[in-house]
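Take a look at the structure set out below.
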Amino acid sequence: MEDSGTSEKQEQRSKNFIYEIIDDDLKTKKWNGDVHTRFPPEPNGYLHIGHAKSICLNYGIARDYNGKFNLRFDDTNPEKEDQEYVDSIIEDVKWLGADFEDRILFASDYFEQMYEWAVALIKKNKAYVDDSSADEIRSSRGTLTEPGKDSPYRSRSVEENLDLFERMRNGEFPNGSKTLRAKIDMGSPNFNMRDPIMYRIVHEEHHRQGNKWCIYPTYDWAHGLEDSLEGITHSICTLEFENHRPLYDWFLDELGIHHPQQIEFARLNLSYTVMSKRKLLQLVKEKYVDGWDDPRMPTVSGFRRRGYTPESIRNFAEMIGVAKRDATTDIALLEFAIRDDLNKHAQRAMAVLKPLKIVLTNFSGAEELEAVNNPEDPSMGTRKIIFTNELYIEKNDFMENPPKGFHRLVPGGEVRLRYAYIIRCEEVIKNSDGEVIELRCSVDHDTKSGTGTSKKKVKGTIHWVSAENAVKAEVRLYDRLFTVDSPDSDKEKNFLDYLNPESLEIIEDALVEPFLKNAKPADRFQFERNGYFCVDKKYTTDEKLVFNRTVTLKDSWGKMN
RNA sequence: UGCCGGGUCGUCUAAUGGCAGGACAACGCCCUUUGGAGGCGUCUGUAGAGGUUCGACUCCUCUCCCGGCAGCCA
């Protein structure tokens, strides 16, 4: 009676392999039933969507198991880090909704403890000061198939090491002249175990510590200690650190301190973009984009400015799952996530991107019409729109010589104006270049929207704005930043060669519904039949409204052509 | 070549020795006063070869393919 008797096809979301590990740990009481995760960024750049995946994973675990989640900056390299990045990261993590409570932590606050632990390892004769140059260390490390060679300084006495290490800290030696190395095994098949460097001398001001230190711990030495200090139970990281795990285990066990379990998962790759911080930094520094928050960037701040919601990014993270195999996720999945969210929540509006003037020959005055704010959510109510005899419609909603299947306005043809009447195109007016500049149309007064009196059926409904009260706005249309799905996979070519020259189109003279003049930065709307848009927070001023296109609507007509 | 990982629809991800399922994409139909949304349906997959087993995506052996590692970056 216990097995498949429950025929309910309730598809509960299956757990990823990390949840299974944690379930096991809980069963065996490995951590006393505690679950404590963290997100440990280095403040050397802005967060991207791959980081968002990690944040959602780590925070989601803490939330699902009633555990805790820390935000900790891994700020061990003063040469690359900056307070600007700290600030942006905090903002992004908060925006994503990951709750770290009061735990904004910094690895640099642990430097003193790390120093003491290093001294402890020296005393155990498990670490030594090496005078070799970077070149010497590299050449003695061996190769993939040959073991490395012991450093000539490897057998210094504990006393000498203690003295030298203290003097390193005191600033007696120049950059690069000495390092502290763990004494492990130069013959290990794992490079990370070939006497890895724990401290390097860097006379550089740290963004939080100032000039207090001139020796800085390496990531390999510091990272496991940080997790240990914070009582992290599950140290979740990406695949490239798998080879480092034995080293972290070695440090923790030699020190005899709390030993979190490291679990590796595959980082996110997204089609049509790049995800490495180095490349994103290059796009910013060399001005291929308008800053880290350029709406074409795969950064959290870029998606935010583009109009993505935190909810949509969380849903996306849920949809793509977590596994260990390398994968590239189709960006269409992200686009689905934001459309899905905005469809349910975004206020509808009419906006004409490329206006074509219409004059109604048998209509005068102004009529108030009622429009639905969101057909998916009646609680969002309705609004009034004013209908007049001069209007603008979308240029591409009219064709003089339409192909088969074109459902919009054609000479002599009829189309419905959204929320208004069916009109007929009576006359096409062109300029001297033969360009259509105006349409004269007649209104069928019996076809008012919503009255149910119309016996007519028309194939198409198009949107419009009134010439009398439409508001001018700038609209920015974004397309993929790169022209190929994996711009950095070709080792022969530079990813910059694949930049899409048409990734941004600026439309200066779009016309939008009057109520939008009160829209505030970051407000989101669906411009009916055009897509989802939000008010750009960078370029919008009191005099000028700027909209960013977040994503288009799914367009089954466009696909046919 | 050494070590460590990994190979399931086009893409992402489930099935933990018992009906290869879901989502996205694509395609078709229905519906529609947004060519949106929605509804219904279709298509497509276990890298290969052996073995164990009543039964293998799953366990074993071999092969092939992919990724990571030789920073005083993280």
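Convention: sequence-line order gives letters A, B, ...; per-chain numbering from 1. Every value quoted in this text rests on a predicted model; they were computed, and no experiment measured them. Because only heavy atoms are used, hydrogens play no part in the values below, and waters and symmetry mates are left out as well, while side chains stay in.
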How would you label the contact of [X] with the nucleic acid (heavy atoms, under 4.0 Å): base, sugar-phosphate, or nothing?
X	value
A:His223	nothing
A:Tyr216	nothing
A:Asn77	sugar-phosphate
A:Glu376	base
A:Arg138	sugar-phosphate
A:Ser132	base
A:Ile137	base

Margin query: Using the six-membered base ring of B:G35, report whether A:His407 stacks on it, requiring centroids under 5.5 Å and planes under 30° apart.
Written below: yes
Note to self: Check this for me: does the side-chain of A:Arg416 come within 3.5 Å of the base of B:U33 through a donor and an acceptor?
What the structure shows: yes
Might you list the N or O atoms of the protein lying below 3.5 Å from N or O atoms in nucleotides 8-12 of chain B, with each pair's distance?
residue, atom, partner, partner atom, Å
B:U8, O4, A:Arg325, NH2, 2.9
B:U11, O3', A:Thr328, O, 3.1
B:U11, O2', A:Thr328, O, 3.2
B:U11, O2', A:Asp330, N, 3.4
B:C12, OP1, A:Thr328, N, 3.1
B:C12, O2', A:Ile320, O, 2.7

Notebook entry, point to check: Of all the nucleotides listed (B:A74, B:A25, B:G35), which has the minimum atom distance to the side chain of A:Ser556?
Noted result: B:G35
Checklist line | Pairing string, 5' to 3', for RNA chain B - Watson-Crick or wobble contacts under 3.5 Å, brackets [ ] where pairs cross, | to another strand | finding: .((((((..((((....[..)))).(((((.......)))))....(((((..]....))))))))))).....
Next item on the list: Would you please say whether a donor-acceptor pair under 3.5 Å links the side chains of A:Asp220 and A:His244?
Entry: yes
